[in-house]
Amino acid sequence: MTTRFRYAALALLCLLTGVATAKAEPPKPYSAEYEVLRNGSPMGRGTVTLRGDERGEWELHSVTRGTEGLAGLAGATIVEQSSLRWVDDRPESRDYRYRQNLAWRTRERSVEFDSAAKRIVSRDRRGEHVFTFAPGALDRQSVMLALARDLAAGKRDTLTYTVADRDEFGPERYRVGAEETVQTPAGSLRALRVERVRDDARGRSTINWFGIEQGFLPVRVLQTEPDGDSFEMRLISLTR
């Protein structure tokens with residue numbers, strides 16, 4: 001259950017190359033609240049906040065709390081924080097921190113992006129992994145901002161980002177589909193459907209809908225596991 005709660009939280013935060021039709025501007029600060037559901041039943045709440053300054057330094061912070069069922073009983077809380085900068089009209093990660101709190105244990109991991117030393121260091125309870133730095137490299141949470149940037153610039157089809165996550169560093173691909181209307185607590189919203197493309201999906205599917213009037217921020221996320229369990233996040237409110 002705790003692993004599935006983690007997947008539900010990270011699905012929001014797991015969100016790409018094409019030809020831009022317009023210049024992509026840095027995003028505007030915002031705070032968004034989501035409901036989290038498992039198999040259609042309430043499971044928790046999530047909040048995502050983006051802050052930035054005139055120097056191009058940004059912080060993306062998310063908190064997901066279990067409020068119902070076993071996740072609520074376990075006091076499950078997941079906190080993620082990404083520090084990034086806007087370089088050459090695109091986001092680039094500088095630091096990523098993850099912390100999962102349960103009633104009986106805490107788990108942490110981090111990814112440091114050192115452009116000066118030309119390396120990326122990922123650490124978790126299993127050890128340390130070192131990769132060669134690549135311009136535009138992202139942590140798994142900051143991919144959301146990169147995707148919003150591309151969609152706002154008019155990019156479509158299949159989009160690819162270079163992402164560092166735990167013991168892996170390489171491309172993640174996403175397929176941009178058609179516009180759809182999705183139902184959320186915030187109302188009926190026009191959105192672009194984006195699906196993660198996995199070479200070895202093992203039955204897992206992740207579909208994201210990015211709101212057109214919401215600056216291409218996620219308004220719904222649906223992840224289906226190999227055993228048929230589904231986890232969903234839907235927008236409740238957005239403040240800018």
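What you are looking at is a predicted structure, and each value in this text was computed from that prediction instead of being measured.
- Shown here for S142 and S82, the closest heavy-atom pair between the two residues is OG-CB, 3.4 Å.
- To the nearest 0.5 Å, atoms CZ (R99) and CZ (R107) are separated by 13.5 Å.
- For the residue pair S62/Q141, the side-chain donor-acceptor check at 3.5 Å is satisfied.
- The shortest non-hydrogen separation linking S122 to F131 is CB-CE1, 4.1 Å.
- Around CZ of R119, the count of heavy atoms belonging to other residues, nucleotides or ligands within 6.0 Å does not exceed 12.
- Transitive grouping of hydrophobic side chains (ILVMFWY, heavy atoms separated by less than 4.5 Å) keeps V63 and L238 in distinct clusters.
- I212 and F210 fall within the same hydrophobic cluster, where Ile, Leu, Val, Met, Phe, Trp and Tyr residues are linked whenever their side-chain heavy atoms come under 4.5 Å apart, directly or through other members.
- Within the 4.5 Å cutoff, the side chain of R123 has heavy atoms near those of the E112 side chain.
- Contact of the L159 side chain with the L147 side chain is registered, since non-hydrogen atoms from C-beta on lie closer than 4.5 Å.
- For N101 and T77, the side-chain atoms include no donor-acceptor pair closer than 3.5 Å.
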Given K155 and R149, is the side-chain contact (heavy atoms from CB on, under 4.5 Å) satisfied, shown in steps? CA-CA 9 Å; K155 295 185 179 183; R149 162 200 177 274; 3.6 Å; yes
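- Taking each heavy atom of Y98 and I78 in turn, the nearest pair found is CE1-CG2, 3.6 Å.
- Each of W58 and V79 belongs to its own hydrophobic cluster when Ile, Leu, Val, Met, Phe, Trp and Tyr are linked at side-chain heavy-atom distances under 4.5 angstrom.
- From T162, atom OG1 reaches atom CG of L138 across 8.0 Å, with rounding to the nearest 0.5 Å.
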Would you sort out whether Y96 and D165 count as a side-chain contact (heavy atoms from CB on, under 4.5 Å), showing the intermediate values? CA-CA 10 Å; Y96 168 79; D165 181 31; 5.7 Å; no
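- With contacts defined as side-chain heavy-atom distances shorter than 4.5 Å, the pair E35/P42 does not qualify.
- The closest side-chain heavy-atom distance from R220 to Q183 is not below 4.5 Å.
- No side-chain donor-acceptor contact under 3.5 Å links Y30 to the backbone of G215.
- The minimum heavy-atom distance between W209 and I207, with the atom names listed, is CH2-CG2, 3.4 Å.
- Contact detail for P185 and L235: the closest heavy-atom pair is CD-O, 3.1 Å.
- Y161 has its side chain out of reach of P171: every pair of non-hydrogen atoms, C-beta onward, lies at least 4.5 Å apart.
- Of the inter-residue distances, the one linking L50 atom CG with K28 atom NZ reads 12.5 Å to the nearest 0.5 angstrom.
- Contact check on R85 versus E57 returns no salt bridge, with no Lys/Arg side-chain nitrogen under 4.0 Å from an Asp/Glu carboxylate oxygen.
- Here the CE atom belonging to M233 is positioned 13.0 Å from the OG1 atom belonging to T184, to the nearest 0.5 angstrom.
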After noting the C-alpha distance and the side-chain angles of F231 and M43, does the key distance pass the side-chain contact (heavy atoms from CB on, under 4.5 Å) rule? CA-CA 9 Å; F231 299 90; M43 177 181 175; 4.0 Å; yes
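- The side-chain heavy atoms of R126 and D167, taken from C-beta on, include no pair separated by under 4.5 Å.
- Note that the CD atom of E180 and the CZ atom of R190 stand 12.5 Å from one another [nearest 0.5 Å].
- With hydrogens and angles disregarded, a donor-acceptor distance shorter than 3.5 Å links the side chain of R240 to the backbone of Q214.
- Counting heavy atoms from C-beta outward, L60 and M144 have side chains that approach closer than 4.5 Å.
- Note: the hydrophobic cluster containing V48 does not contain I236 (ILVMFWY, side chain heavy atoms under 4.5 Å, direct or indirect links).
- For T47 and E33, the side-chain atoms include no donor-acceptor pair closer than 3.5 Å.
- Checked by atom type, the side-chain pair Y174/N208 shows no donor-acceptor distance below 3.5 Å.
- Separating the CZ atom in R140 from the OG atom in S93 is a distance of 12.5 Å, to the nearest 0.5 Å.
- Judged by distance alone, the side chain of R156 and the main-chain N or O of G177 form no donor-acceptor pair under 3.5 Å.
- Side-chain contact between Q223 and E225 is present, with heavy atoms from C-beta onward closer than 4.5 Å.
- Pairing each heavy atom of I120 with each of T132, the nearest pair is CD1-O, 4.4 Å.
- A continuous path of ILVMFWY side-chain contacts below 4.5 Å connects Y34 to L222, so both sit in one hydrophobic cluster.
- Ionic pairing of E108 and R97 is not present here: no N-O contact between side-chain nitrogen and carboxylate oxygen is shorter than 4.0 angstrom.
- Between D124 and R109, none of the side-chain N atoms (NZ, or NE/NH1/NH2) sits under 4.0 Å from a carboxylate O, so this pair counts as no salt bridge.
- Between the side chains of E59 and S83, no donor-acceptor pair of N or O atoms lies under 3.5 Å.
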Could you go step by step and tell me if V143 and R196 meet the side-chain contact (heavy atoms from CB on, under 4.5 Å) rule? CA-CA 12 Å; V143 175; R196 171 98 180 258; over 6 Å; no
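- Other residues, nucleotides and ligands contribute at most 12 non-hydrogen atoms within 6.0 Å of the CG atom of D157.
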